[in-house]
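All remarks here apply to the structure that follows.
Owing to the predicted nature of the structure, the values given are computational and were not obtained by experimental measurement. So that the names make sense, note that chain A is the first sequence line, chain B the second, and so on, each numbered from 1.
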Amino acid sequence: MDSCSLVEKEIDKVLTKFSFVSDQTDRQLNELINYAEKLITDLAEAPEDEELSVAQSLMLTQYIKKAKDGSSKVAAEHRDLHGAVSKVGKAVDRNFTQDFGVVNKDGTFCGLDRPDLVNQVICQHFFRQGLLDIGETLIREAGVDIDVNSKEPFFEMNRILEALSKGDLQPALKWAQENRFKLRENHSSLEFKLHRLQFISLLHGGPQKQSEILQYARNFEPFAAQHEKDVQQLMGSLLYINTGIESSPYAYLLKPVQWADICDVYTRDACALLGLSVESPLTLSINAGCKALPALLNIKQVMQQRQCTDVWSNKDELPVEVNLGPEYRFHSIFACPILRQQSTDHNPPVRLICGHIISKEALFKLSNGNKVKCPYCPVEQSAADAKEVHF
Amino acid sequence: MSRVHTDLDELEKKLLDKPTTVGDVSRILTSVVDKLNAMKRKAAESIGDELDAARVTKRRTDHLREYDTKDQNLQTLWRKKRLDRILVEYFLRCGYYDTALKLAKHSRIEDLTNLDIFLVAKEVEESLSNHETAQCLAWCYDNKSKLRKLKSNLEFKLRQQEFIELVRKNKRLEAVGHARKYFVNLEDNQMFSVQKAMGLLAFPPETEVSSYKEMLDLSRWQLLVKEFRSENFKLYQLNNYSVFTVTLQAGLSSLKTPQCYHEDTKNADCPVCSQYLNDLASKLPFAHCSQSRLVCHMSGHPLNEHDHPMMLPNGYVYGENSLVKMATENSGKIMCPRTKQMFSLTDLEKVFVM
């Protein structure tokens, strides 16, 4: 943020200086113009062919000098401003990184099908967000060959989400009923929650709707076993329907946060069903990239300074660890504590009898004949007793 | 300003050589006033332009500063704007102008992007693709001083192409006239290409002779488009690649693990495991990790002292919490999700990862 403040300071200076100079210029030039016009009107009083009087020519000479000085001064002031402008440019250059192409690995995005893949990803990203028309425009302009069937689930999801945000639960209920079996497999309570929300919205109707509400409560029957406590609470709230639920202990049921919640639950369950991630992969990748770039640029700079640039291109791994935080952790990573290397297919992690895990290569290195002593505890075992683990 | 001075000089001269008439003086004075007005207008215009540019820059720094907040929601919204910004720039560079405009309008980020530069460039590029040099030459004229500072060859190349086109249409005399007009005051390397061009006069347009055939090739126009594009970027100090590709590469690389490429360890939430990105990231380097970090396959939560990693007899490791939960729902039985083997809760063994 300091870089921003520094640049902003320079910009503010430029803005004030420019406004100042602009006023000055206006004033000075106006002065000269007015004076000249006065002279013209004075001269106009005399007939055209008369010779100039000495006084007049004196005035004119004076005016000429004044005009020349004035206009040169204005031009000089304007030129001086460029100093301030170039300072802004320099501040930006100093505080922000201009060239980050060094991180670009050539050939990744070149090739025949590459741009197409990228465009497909972007298209899917737009469909997920519900920006259907922008996605369509991109398809048209980029000539993306997108499978029509893959669009359909997103369209449906967006339709249902739109209905949910307007308070209409019917499309979502229908979808949940159609996919009841799969949802149950995933331990999802979406259908129950939808019914619950519908029940609550009926509660708003007041005591007149009592019989309707009771009728609706029959829908809870398939879920009674799993959500017993919830059903009990909902039924209990009926007690207060005459006196007003807002003042009862059940007031929390009427809170609007339940609606925001249901959209979230629906998105998660729908995505899990389709085998998609909840968050758009493009968003995640770009956010991860923005986090990773400063570290990568730094290391590249250091490498260039020490002239060991081949470390990057030859290796199969990035030269530096980038800590993205727990929300970007999708896979288990095992790094052998002894050899400090990631496990691979040829070098899997193995569990010793005592429970400690090291890599297979480390096991070989530590073996003495057939005996292995765990590096962390004094338990001995034979090398064959170690068991391969899968995370 | 210089014009004002010339007028004033003229007035001075008139005064000096007598006799001067009032009429003459009035006339010159009127023109002085006109020139002063013009100067005022121009000054206001240029100052106005610079003030606008300064204001746009200020808006951008303000936007960047908005990130400095503790509010999670604001941060997420800011990141969304950032993604849209990056996408708009990518679209502009690829030439998908409609998409870029729509997205910029939707996210209200028009002044955070350089739309106008690219739209001007679009017109010039289209005219070049239609084998017309007029618009590009006009652009060169507008940016003459900056192009000269960059030591740009663009104008010369355009003139060369015009010459070639004249030869193609068999208007050789006109071509020679064109050459006489534009191919003067050249530097050495330019001289060489001019000589080749001159040689072209001797051949018919359908010639098969090697280097002259290439000169007549229409693909030279595409080279001109590329040259224009790179000069345009240099002028505005834009890079030749887009932020989008670089960031995407960095992101994919830092998320990429060997598990993303094994069928049974793919995770639907991981971006690199998703269909197209998987393909794209195949040539990128893996992420470097020096510390073990475990994630339970069943719940997706990290494994640590709150959720201990436990091994089933078949060697697969899961988090204790998920295993216990599965056992309670299944009367003490656990089914390994990946191998479908059945075990009981008592078969679990602890593992210790340093």
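- Among residues two or more places apart in sequence or in another chain, the side chain to side chain contact (heavy atoms under 4.5 Å, CB included) test is passed with A/R140 by A/T137, B/D98.
- Heavy-atom distances place no part of B/Y318 under 4.5 Å from chain A, backbone and side chain included.
- Looking at A/R351, its side chain does come within 3.5 Å of a backbone N or O of B/K350 through a donor-acceptor pair.
- Chain A forms the most heavy-atom pairs under 4.5 Å with one residue out of B/H297, B/Q291, B/K256, B/R82, and that residue is B/R82.
- Here A/I122 is the residue among A/T283, A/I122, A/L284 with the most heavy-atom pairs under 4.5 Å with chain B.
- Using the six-membered ring where Trp is involved, B/Y316 and A/H390 have ring planes that are parallel, under 30° apart on the 30 and 60° scheme.
- We find the CD1-NE2 distance between A/I333 and B/H288 to be 11.0 Å, quoted to the nearest 0.5 Å.
- Here the side chains of A/V350 and A/I357 are not in contact, with every heavy-atom distance at 4.5 Å or above.
- Residue contact with chain B, scored on non-hydrogen atoms closer than 4.5 Å, involves the side chain of A/Q124 exclusively.
- Ranked by heavy-atom pairs under 4.5 Å with chain B, the list A/E136, A/H331, A/H125, A/Q342 is led by A/H331.
- For chain A, the nearby parts of B/S253 are the backbone and the side chain; heavy atoms of each come within less than 4.5 Å.
- At least one donor-acceptor pair under 3.5 Å links the side chain of A/E141 to the backbone N or O of B/T99.
- For A/L352, no part lies under 4.5 angstrom from a heavy atom of chain B.
- Proximity to chain A (any heavy atom under 4.5 Å) is shown, for B/K102, by both the backbone and the side chain.
- Comparing B/G251, B/A100, B/C273 by how many heavy-atom pairs each has under 4.5 Å with chain A, the most go to B/G251.
- When heavy atoms are compared at a cutoff of 4.5 Å, B/S274 approaches chain A solely by way of its side chain, counted from C-beta outward.
- Using bins of under 30°, 30° to 60° and over 60° for the plane-to-plane angle, the ring pair B/F91/B/Y96 lands in the tilted bin.
- With hydrogens and angles ignored, the 3.5 Å screen pairs a side-chain donor or acceptor of A/K387 with a backbone N or O of B/P313.
- Options A/P337, A/C290, A/A292, A/S22 differ in how many heavy-atom pairs under 4.5 Å they form with chain B, and the most are formed by A/C290.
- Only the side chain of B/K80 comes within less than 4.5 Å of a heavy atom of chain A; its backbone N, CA, C and O stay farther away.
- Residues satisfying the ring-ring contact (aromatic ring centres under 6.0 Å, His included) test with B/Y236, not counting sequence neighbours, are none.
- There is no contact between B/R60 and chain A, counting heavy-atom distances below 4.5 Å.
- Only the side chain of B/L87 has a heavy atom closer than 4.5 Å to any heavy atom of chain A.
- No other option in A/D133, A/V21, A/D12 has as many heavy-atom pairs under 4.5 Å with chain B as A/D12.
- Annotation: maximal heavy-atom pairing with chain B below 4.5 Å, among A/P281, A/S332, A/G289, occurs at A/S332.
- Heavy-atom minimum distance, A/F391 versus A/P349: CE1-CG, 3.8 Å.
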